[in-house]
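Working notes for the structure below.
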Amino acid sequence: MSNQINTANNVKTTKIEVPILARVEGEGALDLEINNNEITKCHVRIYEPPRYFEKFLEGRQPNEIIDAVARICGICPMAYQMSVVTLMEKAFEVEVTPWVHEMRRVMYLGEWMESHYLHTHILAAPDFLKYHSAIEMAKDFPNEVKRGVRLQHLGNDILSLFGGRSVHPGAIKVGGFYRAPKPKEIKALIPRLQEALKDAKDVVMWFAQLPYPDVCFDEVLQVALTDVSGQYPVIAEHVVTNRGECFPIEEWDEHFYEFHAPQSTALHSTRDGQPYLTTPLTRLNLNFDKLPKEVQALANSTGISFPSNNIFHSILARSIECYYAIGEILRIFEAYEYPDKPYVDVSFKAGKAWGATEAPRGIQIDYFEFDDKGCATKIRITPPTAQNLACMEADLKQSLTKFGLDKSDDELRQHAEMVIRNYDPCISCSAHFLTLNIKRA
């Protein structure tokens with residue numbers, strides 16, 4: 001919806017309202033003001049009501065919390081469960097078995113698959129190819145859309161294998177899992193994973209051919225986790241940046257500042273007052289050398305060099321990560337052995353700890369404190385979408401300016417939505433997208 005008004009100084013102002021932004025999760029708005037062909041205001045305004053997860057989980061038992069935090073998001077429940085369970089095990093001084101480590105990695109990579117393929121094929125690809133929806137795009141690319149949905153379903157089935165369902169799976173407990181998949185259940189997925197490797201490679205090459213806007217963030221701080229064991233990071237204990245820094249997650253607050261922005265119910269994060277970026281692209285940029293040589297070769301064959309500072313290459317980074325995820329799951333499944341029991345015994349006690357994982361959208365980092373019965377007394381949950389909001393606003397300013405502020409309001413709205421969708425924001429996780437208000441003077 002668009003209308004024009006006159007100000008007191010008889011300056012014509014254009015205001016555009018988009019009641020709902022399609023193809024993102026959650027609700028919010030973008031307020032944009034343009035004066036003399038320059039953006040003077042750009043606020044990603046998250047207005048979904050606060051959800052108060054951190055407060056109503058206080059006083060609850062550890063396994064009850066693990067089950068509850070999955071409800072923060074139906075798309076990335078593992079991000080919350082894995083960060084929380086690993087910090088609990090540090091606080092309670094629990095050492096899980098190698099089997100538990102491997103199966104948690106598998107389950108989390110299954111979440112990467114279902115989330116990445118949902119985003120790349122249904123939410124983001126239509127923007128690059130100038131379609132209004134995946135349904136419209138499927139008329140011209142039926143095989144590509146079917147392939148993406150097929151791969152997404154495989155990720156869902158891996159989550160269901162462990163947790164009984166793909167949405168809010170009930171698999172994780174302090175010390176391990178409630179149950180172990182039977183060997184025959186694992187074997188049944190191996191042929192599908194082998195076939196999926198070919199599909200995943202084809203997806204990478206398809207996305208490599210997309211028309212990418214030429215917008216680069218040469219100076220932005222990029223942040224990701226890193227696994228000092230040499231694996232590509234999923235659950236990890238150290239943070240790295242594109243400035244050569246590496247520090248343990250326990251030092252997070254020494255480097256990053258979290259605050260309330262007046263336009264948003266989601267917290268924002270900065271480093272020395274400047275935005276920073278934590279996305280699948282930054283994860284790939286900062287850990288490219290930890291990918292298997294075969295995956296590196298596939299990435300290099302696309303003609304796009306990594307590290308890349310073009311945030312629109314995130315869609316390609318997601319597809320490369322999925323190719324890696326399928327190969328990694330296949331490797332673990334082919335060597336699968338049924339355990340004596342899928343957990344270790346645990347005694348709860350007082351403690352405190354940080355926990356961090358690489359969610360599909362970037363770093364998920366939490367801090368908890370517990371009393372002598374293991375009940376949570378202090379909780380802090382920091383999702384990647386909230387961390388990326390400041391960078392998203394800076395990206396919008398740069399990208400829209402390069403796109404051309406003299407474009408029509410409808411063209412600006414569509415491009416702004418493309419920029420925001422490219423981040424794959426999980427808005428409900430962060431608070432919460434998109435009414436667009438544009439004022440021109």
Next on the checklist: If I take atom CG from residue Leu225 and atom CD from residue Gln364, how far apart are they, to the nearest 0.5 angstrom?
Outcome noted: 10.0 Å
Checklist entry - So, His313 versus Ser308: side-chain donor-acceptor pair below 3.5 Å or not? => result yes
Next on the checklist: Tell me if the aromatic rings of Tyr336 and Tyr338 count as close, with their centers under 6.0 Å from one another.
Outcome noted: no
Checklist entry - Checking side chain to side chain donor-acceptor pair (under 3.5 Å) for the pair Asp253/Tyr367: CA distance, chi angles, key distance, verdict? => result CA-CA 11 Å; Asp253 278 349; Tyr367 174 78; over 6 Å; no
Checklist entry - Going through the distances and angles, do His116 and Glu321 end up as a side chain to side chain donor-acceptor pair (under 3.5 Å)? => result CA-CA 9 Å; His116 280 352; Glu321 284 195 332; 2.9 Å; yes
Checklist entry - If only atom types and distance count, is the side chain of Glu111 paired as donor or acceptor with the main-chain N or O of Leu159 below 3.5 Å? => result no
Next on the checklist: Measuring centre to centre across the rings, with the benzene-like ring taken for any Trp, is Phe128 within less than 6.0 Å of Tyr212?
Outcome noted: yes
Checklist entry - Between Asp371 and Thr377, do the side chains contain an N or O donor and an N or O acceptor separated by less than 3.5 Å? => result no
Next on the checklist: Check the orientation of Tyr232 and Trp112. Use parallel for under 30°, tilted for 30 to 60°, and perpendicular for over 60°.
Outcome noted: perpendicular
Checklist entry - Any donor-acceptor pair under 3.5 Å linking the side chain of Glu358 with the backbone of Pro233? => result no
Checklist entry - Of the non-hydrogen atoms in Lys402 and Val215, which two are nearest, and what is the gap between them? => result CD-CG2, 4.3 Å
Checklist entry - How about Tyr343 and Phe177: are their ring centroids closer than 6.0 Å? => result no
Next on the checklist: Whether the Asn309 and Gln222 side chains hold a donor-acceptor pair (N or O, under 3.5 Å, no angle test) is what I'd like checked.
Outcome noted: yes
